Protein chains: 2
Amino acid sequence: MAKTQKSGDVYDPSCSARDALELIASKWAMLILPALADGPMRSGALLRRIGGVSQKMLTQTLRELEKNGLVIRQDMQTVPPHVEYRLSPLGASLSDVLVALDRWAELHFPELDAARERFLRRRS
Amino acid sequence: MAKTQKSGDVYDPSCSARDALELIASKWAMLILPALADGPMRSGALLRRIGGVSQKMLTQTLRELEKNGLVIRQDMQTVPPHVEYRLSPLGASLSDVLVALDRWAELHFPELDAARERFLRRRS
DNA sequence: CCGAATCCCGATCGATACTG
DNA sequence: CAGTATCGATCGGGATTCGG
C-alpha cells in the first residue's frame, strides 16, 4: 500500500486521511454534497442548482465522489439519458459537516468582505 | 461593488459568500486554521506542524487568511525575525468547523480507501 | 436531447535558490 | 528565521465534439 496508516492524522502527508481531506477541499464538492442532502438529483438539476459550475467539473467531481464511495450514481439506461446521483450513508455524514461550513460562509461573508476592505485601506 | 449581496447563498456565484467558500476550500487553509486553534504559532513551527506544506504556500495562504481577517500576523521586529500568527475571533469560529472536518477525515478515511479499492476492483 | 469525453489555454502549485 | 523570485509541472475550466 502506498501510505502508512499509523493513526488518522491529517497533518501527516503520508497518511491517507490527507487524501480524504484533499478530496473534500474542493469548492465543488462542498456544494455538490450538501445539494444532494435533500434527495437524489439528476445531473442537469445539479447543473442548474449549483451556479457557476461547468458540466465538465460537475461530472468530474461527481466521478471522484463516486469513486470514494460518497455518492451513488444510478443510470436509468433510457433514451434520452436519465442519470441520478444520491448520497451514500458515508456521503450523508460528510454532507452534514459541509452544510455547517456552507452556513458559516453564508453567515460570515460580510465580515470577510469588511476585513478585506480594511486591509486594502490600510495599505493605501 | 462587484457582487450583488442579496442574502448569503453559496449556490449563487455572484454572492460573495461564494468567495468565502473558495477561500476556505483550500487544503492548506483547512490545516492552518485548526493548527492555530491551540494558540499562536511562529511560521517555522507551522511549517513543521503541517507536513508537506512548502514555505511558499504557507506564506501565501497565511497572507490570504490575514487579508480576510481570519488570522492576525504579529511581527516582533527583531533580528533574527520573529513573526507570530494567531486566530482572530472570526478565524476561531471558522476553525471550529474546520476541526470537525479534519476529524471527519481522520475518522472515515479507511472507508474512503475501501470504497476506492472496491471501485477499482469493479472495473478490472 | 442529455450526459460524458477530448482538446487546449491560463492559472496555480511546488521545489529550489536567494535576499534581508 | 521569515519572506521572495523563478521556473517547470500540474490542475482547473471553457468550448467543442462524441455517444446513446
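Since the model is a prediction, treat every value here as computed from it, not as a measurement. In what follows, every chain begins at residue 1, and chains take the letters A, B, ... in the order their sequences are listed.
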Discussion item. Could you tell me how far apart A:E22 (CD) and C:dC13 (P) are, to the nearest whole angstrom?
Written reply: 12 Å

Worksheet item: Taking atom CD of B:E22 as the centre, does the number of heavy atoms from other residues, nucleotides or ligands within less than 6.0 Å exceed 12?
Response: yes

Worksheet item: Can you check whether B:V10's main-chain N or O pairs, donor with acceptor, with B:R18's side chain at less than 3.5 Å?
Response: yes

Practice prompt. Figure out the CE/P separation between A:M41 and C:dG3, and round it to whole Å.
Written response: 11 Å

Worksheet entry | Straight-line distance of B:L58 CG to B:L47 CG, nearest 0.5 Å | 5.5 Å

Can you check nucleotides 10-13 of chain D for protein contacts, nitrogen or oxygen pairs under 3.5 Å, and list what you find?
from	atom 1	to	atom 2	distance (Å)
D:dG13	OP1	A:K27	NZ	2.8
D:dG13	OP2	A:W28	NE1	3.0
D:dG13	N7	A:K56	NZ	2.4
D:dG13	O6	A:K56	NZ	2.4

Discussion item. Using a strict threshold of under 4.0 Å (side-chain N to carboxylate O), is an ion pair present between B:R63 and B:E66?
Written reply: yes

Discussion item. If I compare all heavy atoms of A:S43 with all of A:Y85, which pair ends up nearest, and what's the gap?
Written reply: CB-CE1, 3.9 Å

Worksheet entry | Under 4.0 angstrom between B:R73 side-chain N/O and D:dG3 OP1 or OP2 | yes

Item to complete: Quick one: closest heavy-atom pair of A:S93 and A:L90, and the distance?
Response: OG-O, 2.9 Å

Worksheet, complete the sentence: A:Q55 atom CD is separated from C:dC7 atom C1', nearest whole Å, by 16 Å

Discussion item. Does D:dC1 have OP1 or OP2 under 4.0 Å away from a side-chain N or O of B:R42?
Written reply: no

Worksheet item: Taking atom OH of A:Y11 and atom CG of B:D102, what is their separation to the nearest 0.5 Å?
Response: 5.5 Å

Worksheet, complete the sentence: In whole angstroms, the gap separating P of C:dA4 from CG of A:L46 amounts to 10 Å

Fill in: Whole-Å distance separating the CD atom of A:Q74 from the P atom of C:dG3
14 Å

Discussion item. Tell me if the CZ atom of B:R103 is crowded by more than 12 foreign heavy atoms within 6.0 Å.
Written reply: no

Fill in: Residue met sooner reading DNA chain D from 5', once A:P80 and A:V53 are mapped to nucleotides
A:V53

Worksheet entry | Gap between atom CG of B:L94 and atom CD of A:E111 - 0.5 Å precision | 11.0 Å

Practice prompt. Write down the distance between CG (A:D75) and P (C:dA4), rounded to a whole number of angstrom.
Written response: 8 Å

Worksheet item: Can you check the B:L58 CG to C:dT16 P distance for me, whole Å?
Response: 17 Å

Item to complete: Take the protein atom NZ of A:K67 and the nucleotide atom C1' of C:dA4, then report the distance between them rounded to whole Å.
Response: 17 Å

Worksheet item: How sharply is the helix from C:dC1-D:dG20 to C:dG20-D:dC1 bent, taking the axes over five pairs at either end and rounding to 10 degrees?
Response: 30°

Discussion item. As a test of reading the structure: which of C:dA4, D:dA2, C:dC1 is closest to the side chain of B:S43, going by heavy atoms?
Written reply: D:dA2

Discussion item. At 4.0 Å (heavy atoms only), tell me whether A:V79 reaches a base, stays on the sugar-phosphate, or touches nothing.
Written reply: nothing

Discussion item. On the nucleotide C:dA4, are OP1 or OP2 found under 4.0 Å from the side-chain N or O atoms that A:Y85 carries?
Written reply: yes

